[in-house]
Amino acid sequence: MLAIQNVSVDHGNLRALWDVSLDVNAGERVGLLGANGAGKSTLMGAIVGLYRTSGGTIQYSGTSLGRATTEDTVGLGIALVPEGRHLFPQMSVQENLDMGTYASSGGSSEEMMEKVFGLFPILKQKAKQNAGELSGGQQQMVAIGRALMSAPKMLLLDEPFIGVAPKVVDEILETLHGIAAGGVTMVLVEQNTHRALGFVERAYVLENGRTVLNGSADELLNDPDFSRKFLGLE
Ligand code: ATP
């Protein structure tokens, strides 16, 4: 579904990604792990057309995303839940969700919003409240809900659990499991390795802009190199 081959991305003079290759099959849950600054957000941004690639190719269901804009990628069925949520705090929950409406999503804005409310019932109760007044976890639900308004086939989640209480993290993960079971492909960027590997089937590890390891969640958990670096089991 998503085929990334030898992609490099520069931020001005700084090369953030070097020859990164990664594949995601339809229906999979794939993790992208790595420390701060490893390049995870840059890769998400390159997929959705926020950053231009300096080399390599990104193909999505056979379409090249090389020159695609963010709007093009939404139209193709890719939705990003950005790091830091990027909500409009002075606007209501409903208005924030509406921002994610996409004309060809297969449902009206009202229909899509009802679906989101079905997944996150608390948002229906808070629909008229300003997003800025919600708890961290509820704000994250709005950010995910906004992405779901375009009825994506692939959901990219960039560190969605920062500032979210552990109990709410579990709730959101359960909802994400349900969405994935409904056929939505997912890429989860996460710094909490245990949490990520509890959710995804496979993962790639980025280090200094390069993919250094990849494997199934089980393979990674049993890889001594991986454990030493990321699970603190030295
Ligand atoms: P984090 O968890 O901190 O978001 P990350 O793995 O997502 O880390 P990136 O945000 O992709 O990493 O950053 C990769 C490198 O690119 C870092 O050195 C970062 O400082 C740099 N960088 C990221 N975005 C920009 C930008 N818009 N302009 C300049 N440099 C950037």
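Ligands are counted one by one from 1 in listed order, and the atoms in each one are counted from 1 as well.
Listed here is the closest heavy atom pair of Ala35 and Gln191: C-NE2, 4.4 Å. Counting all heavy atoms, side chain and backbone alike, Gln139 lies closest to Leu87 at O-CD1, 3.4 Å. Closest heavy-atom contact between Asn6 and Ser21: N-OG, 2.9 Å.
In this structure, the protein non-hydrogen atom closest to atom 8 (O) of ligand 1 is Gly37 N, 2.7 Å. At the shortest separation from atom 9 (P) of ligand 1 among protein heavy atoms lies Thr42 OG1, 3.6 Å. The shortest contact between atom 4 (O) of ligand 1 and any protein heavy atom is with Glu83 OE1, 3.0 Å. Among all non-hydrogen protein atoms, the one lying nearest atom 3 (O) of ligand 1 is Asn36 OD1, 2.8 Å. The protein heavy atom nearest to atom 10 (O) of ligand 1 is Ser41 CB, 3.7 Å.
The option from Glu207, Glu159, His11 that lies nearest to atom 28 (N) of ligand 1, judged by heavy atoms, is His11.
Under a 4.0 angstrom heavy-atom cut-off, Gly39 registers as being in contact with ligand 1. The closest approach between any non-hydrogen atom of Met44 and ligand 1 is not below 4.0 Å. The shortest heavy-atom distance from Gly209 to ligand 1 is not under 4.0 Å.
Near Gln191, meaning under 4.0 Å from any of its heavy atoms, are these atoms of ligand 1: 2 (O). Shown in contact with Ala38 at under 4.0 Å from a heavy atom are these atoms of ligand 1, numbered in order with element: 5 (P), 6 (O), 12 (O). Which parts of ligand 1 touch Ala35 is read off a 4.0 Å heavy-atom cut-off, strictly below it: atoms 6 (O).
Of the polar atoms of Leu14, none of the N or O atoms is found under 3.5 Å from an N or O of ligand 1, judged by distance alone.
Note: Leu155 CG to Leu80 CG = 8.5 Å, rounded to the nearest 0.5 Å. A distance of 11.0 Å separates CD in Glu83 from CE in Met44, rounded to the nearest 0.5 Å. Here Leu33 contributes atom CG and Thr193 contributes atom OG1; the two are 5.5 Å apart, rounded to the nearest 0.5 Å. In this structure, CG in Asp158 is found 8.5 Å from CG in Leu32, a value given to the nearest 0.5 Å.
Comment: Lys229 engages Glu207 in a salt bridge, judged by a side-chain N to carboxylate O separation of less than 4.0 angstrom.
Taking the side chain as every heavy atom from C-beta outward, Ile162 and Arg85 never approach each other to under 4.5 Å.
Arg15 pairs in a side chain to side chain donor-acceptor pair (under 3.5 Å) with only one of the listed residues (Asp10, Asn208, Thr42), which is Asp10.
For atom 20 (O) of ligand 1, the nearest protein heavy atom lies 4.0 Å or farther away.
Contact annotation: for Leu206 versus ligand 1, there are no heavy atoms closer than 4.0 Å.
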